[in-house]
Protein chains: 2
Amino acid sequence: MPKRVDHAERRDQIAEALLRVAGRRGLHAVGMRDVAAEAGVSLRLVQYYFETKEKLLLHGLRHLAARFGERVTARIGAAGPAPGPRERVEAMLTAALPTDEESRTFHLVYTSYAVLSVTDPALAAQPFIKDPDAAESALTELLRQAQESGLARPDLDARLEAVGLLALSAGLGTSVLVGQRTPESAITVLTHHLDRIFQPAPGAQPAAG
Amino acid sequence: MPKRVDHAERRDQIAEALLRVAGRRGLHAVGMRDVAAEAGVSLRLVQYYFETKEKLLLHGLRHLAARFGERVTARIGAAGPAPGPRERVEAMLTAALPTDEESRTFHLVYTSYAVLSVTDPALAAQPFIKDPDAAESALTELLRQAQESGLARPDLDARLEAVGLLALSAGLGTSVLVGQRTPESAITVLTHHLDRIFQPAPGAQPAAG
DNA sequence: ATCTTGATGGTACAGCCGTATCACGTACGT
DNA sequence: ACGTACGTGATACGGCTGTACCATCAAGAT
């Protein structure tokens, strides 16, 4: 046989090419030939590693979600040596805002996938809503911890707030994406809402435990 | 000449056909032939009234925005004979949530346009962000009125809250659209946030003025 | 009555898309 | 050493897309 190739690695390379061109020209305008050219390979190779375009798109979606997870992790790590709940929450929510090229691409392509998943039975909702659900649970847990630590108002429904914050972040992200709002103003709105949640209970000391 | 035809009316008929098929199969999958078939006319006629697909899409967007405006107005009117600020705000925000077929189509197609406008220079942001900006101003004004009437907390920045509410509503709408959340839970979250804003100033009587 | 012009139908054309097919080289198992 | 399976290239094919072209009918103007 010829040089044995790591299929998983090659598939990821091609998936990254897909995301790059999708971020530039829109997911709807992405063809297999574009992906091949962007990845520097022949059209045949894209066919070889992903037999069909549908599989390519699905893998692209998974790859995008994975990269975003790493981005959030990195952001939390960059927030300091031992980031508190608020820092973690801010890292999660601002990571999705289109503030730089990577997050801009992420938001655009992810929204494109979301739109496609509504009508395309292939990109079924099943794999699509898994990650948002996980984010919602993680955020809820962070808010609960903040409440127990006395950092956040204890009279709030943590899950309700988590859902609201994620929807707020997504909505703000879209408005930034279409140029209606600047990233700074979006962050201002987000911070404002976090300030209302992260208020110590009246007369409570921020005790550990 | 043959039967003189009202061009504006015919264009609206075709635009409605466009929106119907876009709501069913996704805006990305809409071709001129589909629109023609849905409208019950020949392909040639679609070309005749909209010379190019780009112009058809642009008119479709305007028509969608207009229909949504009427929907909001109708909702406000249905909220009672003399709806107060809170009722008006609720009508605006819930009208965009995908609770029935019409709003579902609206949200899907509008989001599709938003995604397209990011990369397509034709659907420039110029006409696209006009309506959201108007909604933001209208909502801000309603919140200010509520504050002056003592119905809403006076210590809030009305515009900041308006921006947040619109982004929240948009984000919730998308999550409902992709099937992550039920319309009821979205309304719950929205109502919850409105409850926090629409609180009378401590010790203030809801006097008119 | 004829000419003009708006409205409509049918259809052809060039281009792109995803997919399939054929061909070839190369490196490992035997 | 050799055959077999993997990796890769080139290209063809059918279908769909937006657009352009040609023809026709109808009704008002002259």
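Order of the sequence lines fixes the chain letters, A, B, ..., with proteins taken first and strands second; residue numbering starts at 1 for each chain.
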Checklist entry - Taking the side chain of B/Met32 as heavy atoms from C-beta outward, which of C/dA7, D/dT19, D/dG7 is closest to it? => result D/dT19

Next on the checklist: Is A/Ser42 close enough to D/dG9 that one of its side-chain N or O atoms is under 4.0 Å from OP1 or OP2 there?
Outcome noted: yes

Let me check something: any side-chain donor-acceptor pairs from residues 82-95 of chain B under 3.5 Å, sequence neighbours excluded? List them with distances.
unit_1	atom_1	unit_2	atom_2	d
B/Arg86	NE	B/Glu90	OE2	3.0
B/Arg86	NH1	B/Asp195	OD1	2.9
B/Arg86	NH2	B/Glu90	OE2	3.3
B/Arg86	NH2	B/Asp195	OD1	3.0
B/Glu87	OE1	B/Gly84	N	3.1
B/Arg88	NE	B/Pro83	O	3.2
B/Thr94	OG1	B/Glu90	O	2.7

Under 3.5 Å, which N/O atoms of the protein pair with N/O atoms of nucleotides 11-15 of chain C?
none

Checklist entry - Mind checking what makes side chain to side chain contact (heavy atoms under 4.5 Å, CB included) contact with B/Ser185, not counting sequence neighbours? => result B/Arg181, B/Thr182

Checklist outcome for this item: A/Thr119 meets the side chain to side chain contact (heavy atoms under 4.5 Å, CB included) criterion, sequence neighbours left out, with B/His28, B/Leu108

Checklist entry - Who are the salt bridge (charged side-chain N to carboxylate O under 4.0 Å, His left out) partners of B/Arg10, not counting sequence neighbours? => result none

Checklist outcome for this item: In short, side-chain hydrogen bond (donor to acceptor under 3.5 Å, both in side chains) pairs touching residues 42-55 of chain B with sequence neighbours left out are none

Next on the checklist: Considering only residues two or more places apart or on different chains, which pairs with a residue in residues 61-99 of chain B satisfy ring pair (Phe, Tyr, Trp, His ring centres under 6.0 Å)?
Outcome noted: B/Phe68-B/Phe106

Item to check | Listed nucleotide nearest any side-chain atom of A/Tyr48, set C/dG18, D/dG7, C/dA7 | outcome: D/dG7

Item to check | Selected nucleotide, minimal atom distance to B/Leu45 side chain, candidates C/dG6, C/dG9, D/dG9 | outcome: C/dG9

Checklist entry - Which part of the nucleic acid does B/Phe50 contact within heavy-atom distance under 4.0 Å: base, sugar-phosphate only, or nothing? => result nothing

Next on the checklist: Please confirm whether the shortest side-chain N or O distance from B/His7 to OP1 or OP2 of C/dG6 is below 4.0 Å.
Outcome noted: no

Next on the checklist: From C-beta outward on A/Thr52, which listed nucleotide comes closest to its side chain: C/dT19, C/dA7, D/dT8?
Outcome noted: C/dT19

Item to check | Audit row: A/Arg159, A/Leu143, side chain to side chain contact (heavy atoms under 4.5 Å, CB included) steps and yes/no | outcome: CA-CA 8 Å; A/Arg159 180 160 289 270; A/Leu143 291 182; over 6 Å; no

Checklist entry - Heavy-atom contacts under 4.0 Å between residues 20-30 of chain B and DNA chain D, which residues? => result B/Val30

Checklist outcome for this item: Residues pairing under salt bridge (Lys or Arg N to Asp or Glu O under 4.0 Å) where one sits in residues 168-177 of chain A, two or more places apart or in two chains, turn out to be none

Checklist entry - Which nucleotide in the list C/dG18, C/dT8, D/dT8 gets nearest to the side chain of A/Lys53? => result C/dG18

Next on the checklist: With no hydrogens and no angle check, just 3.5 Å: does a side-chain donor-acceptor pair link B/Glu161 and B/His193?
Outcome noted: no

